[in-house]
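Heads up: the structure comes next, in structure tokens.
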Amino acid sequence: MIWAAGIALAAIAAAAAPSEASACSRILYEGNDSLYVVGRSLDWKTPIPTNLYVYPRGMHKVGSDKPGAVEWTSRYGAVYAVGYDGGITEGMNEKGLVINGLFCKGTVYENAETSGRAPMSMSMFIGWLLDCNATVDEVRAVLEQHAFSLTGATFDGGTASTLHWGVTDATGKSIIFEFDHGVIKIHEMGDYLAMTNDPQWESMTAIIDYWNKKGGQNTLPGTVSSPDRCVRGNYFAHHVEKTGDTDLGVSIARSILMNCSVPYTYEVETEPNLSSTQWRSYSDTRDLRYYFDIVTNPGYYYIDLGQCDLQPGASVMRLDTAKETQLIGNANSRLCPDAGFKPMF
């Protein structure tokens, strides 16, 4: 069929395209005994200082410094990865809900209809969703209502935060949502177990399907482009052992994600802004462990959210990743009381 041939040609062209400056990968490992591990890499052309914060329940927060901004009191405690101590990149709450933001070119958050809605800053957006929701279905309901207007400050010399998001809850249910000229599009992930950056999800699934038909045991695309990384992540996530053991499951997720990562300091002469992997995270939605893996550190460590004081009135806690470079294993003892990060509204 002409239509099928066109899809295949588009898939090949996209997979062969040069790698982009903004590159991140996300995979879902499905184990046994309700074990799900969400792994993600954060790739960028320069280091993005990222610290870990644990916020308790019962905190009043605002989504922006603009008049009429979204306000809420957190229902759930959560651990956040905060870039530049100013904006939440991703996180997991005490109900096992995980949300990760990945770059996606062409994203447009606002249109004429959204401009009058309650302001919400990118720096607080993931925190709001994690603070107030326990499941993917609850997040979907908030997105479908779309009673907010999303905006974000630039960073790293004027880079705009054009993102799309992966959401997974403790049951393993997952969605991807994207902004298309102010309209939120929500996609069920179904049997797809990886996401990266561009193109947007409907086009990406056509690329994955094309390579699935070729058979990954025979050939897989090998560049660091977004489609290639997504195809590899999805294939390997479907072809690894299932286990209910936490340590082994996280190790398997880590090995898959490394196969999708961009080698640190990787360079191509014609691509001066090429990104490389800065850090990786692994969110265990069953045991509520959030693992952090900085590529220049000798090991990786985790915050056990189940052992944190998340009661209303408890202190915000912070782990300074730049100082704690030798940590391995449980890092709860290295969390320190903190006033909380200052959002880059």
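Given the structure is predicted, the values throughout are model-derived calculations rather than measurements.
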So, [X] and [Y]: side-chain donor and acceptor under 3.5 Å apart, yes or no?
X	Y	result
Thr168	Arg26	yes
Trp279	Ser41	no
Asp131	Tyr80	yes
Asn297	Thr325	no
Gln200	His164	no
Asp169	Thr135	no
Asp85	Asn51	yes

Item to check | Intermediate values then yes/no, side chain to side chain donor-acceptor pair (under 3.5 Å), Asp293 and Tyr282 | outcome: CA-CA 8 Å; Asp293 184 7; Tyr282 318 97; 2.8 Å; yes
For [X] versus [Y], what's the shortest heavy-atom pair and its separation?
X	Y	result
Glu94	Arg75	OE2-O, 4.3 Å
Leu97	Asn133	CD2-O, 3.4 Å
Val136	Ile175	CG1-CG2, 3.7 Å
Ala194	Gly233	CB-C, 3.8 Å
Gly39	Leu257	C-CD2, 3.7 Å
Ala118	Val70	CB-CG2, 3.7 Å

Next on the checklist: Could you walk me through whether Arg289 and Leu305 satisfy the side chain to side chain contact (heavy atoms under 4.5 Å, CB included) test, starting with their C-alpha distance in whole Å, then the side-chain angles of each, then the deciding distance to 0.1 Å, before giving a yes or no?
Outcome noted: CA-CA 6 Å; Arg289 292 180 175 181; Leu305 205 53; over 6 Å; no
Item to check | side chain to side chain contact (heavy atoms under 4.5 Å, CB included) between Phe103 and Asp198, worked out | outcome: CA-CA 8 Å; Phe103 271 87; Asp198 313 295; over 6 Å; no
Item to check | Contacts of type ring-ring contact (aromatic ring centres under 6.0 Å, His included), residue Tyr235, not counting sequence neighbours | outcome: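 Scan of Tyr235 (ring-ring contact (aromatic ring centres under 6.0 Å, His included), adjacent residues dropped) gives His239.
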Next on the checklist: Just to verify, what does Tyr76 make a ring-ring contact (aromatic ring centres under 6.0 Å, His included) with, not counting sequence neighbours?
Outcome noted: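 Checked Tyr76 against ring-ring contact (aromatic ring centres under 6.0 Å, His included); zero matches.
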When you group the ILVMFWY residues by side-chain heavy-atom contacts below 4.5 Å and let the links chain together, are [Y] and [X] in the same group?
X	Y	value
Val38	Met258	no
Val295	Ile48	no
Phe345	Trp72	yes
Leu248	Leu35	yes
Val262	Val268	yes

Is the backbone of [Y] close enough, under 3.5 Å, to the side chain of [X] for a donor and an acceptor to pair up by distance?
X	Y	value
Tyr109	Leu163	yes
Thr151	Ser121	no
Glu324	Asp320	no
Ser251	Asp247	yes

Aromatic contact between [X] and [Y], with the criterion being ring centroids under 6.0 Å apart: yes or no?
X	Y	value
Phe148	Phe125	yes
Phe177	Trp201	no
His238	Phe236	no
Phe341	Tyr53	yes

Next on the checklist: Would Tyr301 and Asn332 count as a side chain to side chain donor-acceptor pair (under 3.5 Å) here? Give the steps.
Outcome noted: CA-CA 9 Å; Tyr301 47 85; Asn332 282 44; over 6 Å; no
Distance check, rounded to the nearest 0.5 Å: [X] atom [atom1] versus [Y] atom [atom2]?
X	Y	atom1	atom2	value
Leu193	Asp191	CG	CG	6.0 Å
Cys260	Arg229	SG	CZ	8.0 Å
Asn197	Ser225	CG	OG	10.0 Å

Less than 4.0 Å between a side-chain N and a carboxylate O, is that true for [Y] and [X]?
X	Y	answer
Asp33	Arg286	no
Glu178	Lys185	no
Arg140	Glu188	yes
Glu90	Arg40	yes

Checklist entry - Does Lys66 NZ have over 12 foreign heavy atoms under 6.0 Å away? => result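 For Lys66, atom NZ is not crowded (no more than 12 foreign heavy atoms under 6.0 Å).
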Checklist entry - Any chance CD of Gln217 has more than 12 other-residue heavy atoms, nucleotides or ligands included, within less than 6.0 Å? => result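 Yes.
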Next on the checklist: Between Ser161 and Met122, does the side chain to side chain contact (heavy atoms under 4.5 Å, CB included) criterion hold? Intermediate values first, please.
Outcome noted: CA-CA 8 Å; Ser161 295; Met122 289 283 293; 3.9 Å; yes
Item to check | With Ser25, the side chain to side chain contact (heavy atoms under 4.5 Å, CB included) member among Val224, Thr196, Asn259 | outcome: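 That would be Thr196.
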Checklist entry - Leu52 and Tyr290: side chain to side chain contact (heavy atoms under 4.5 Å, CB included), yes or no, with the steps? => result CA-CA 10 Å; Leu52 306 185; Tyr290 178 82; 3.8 Å; yes
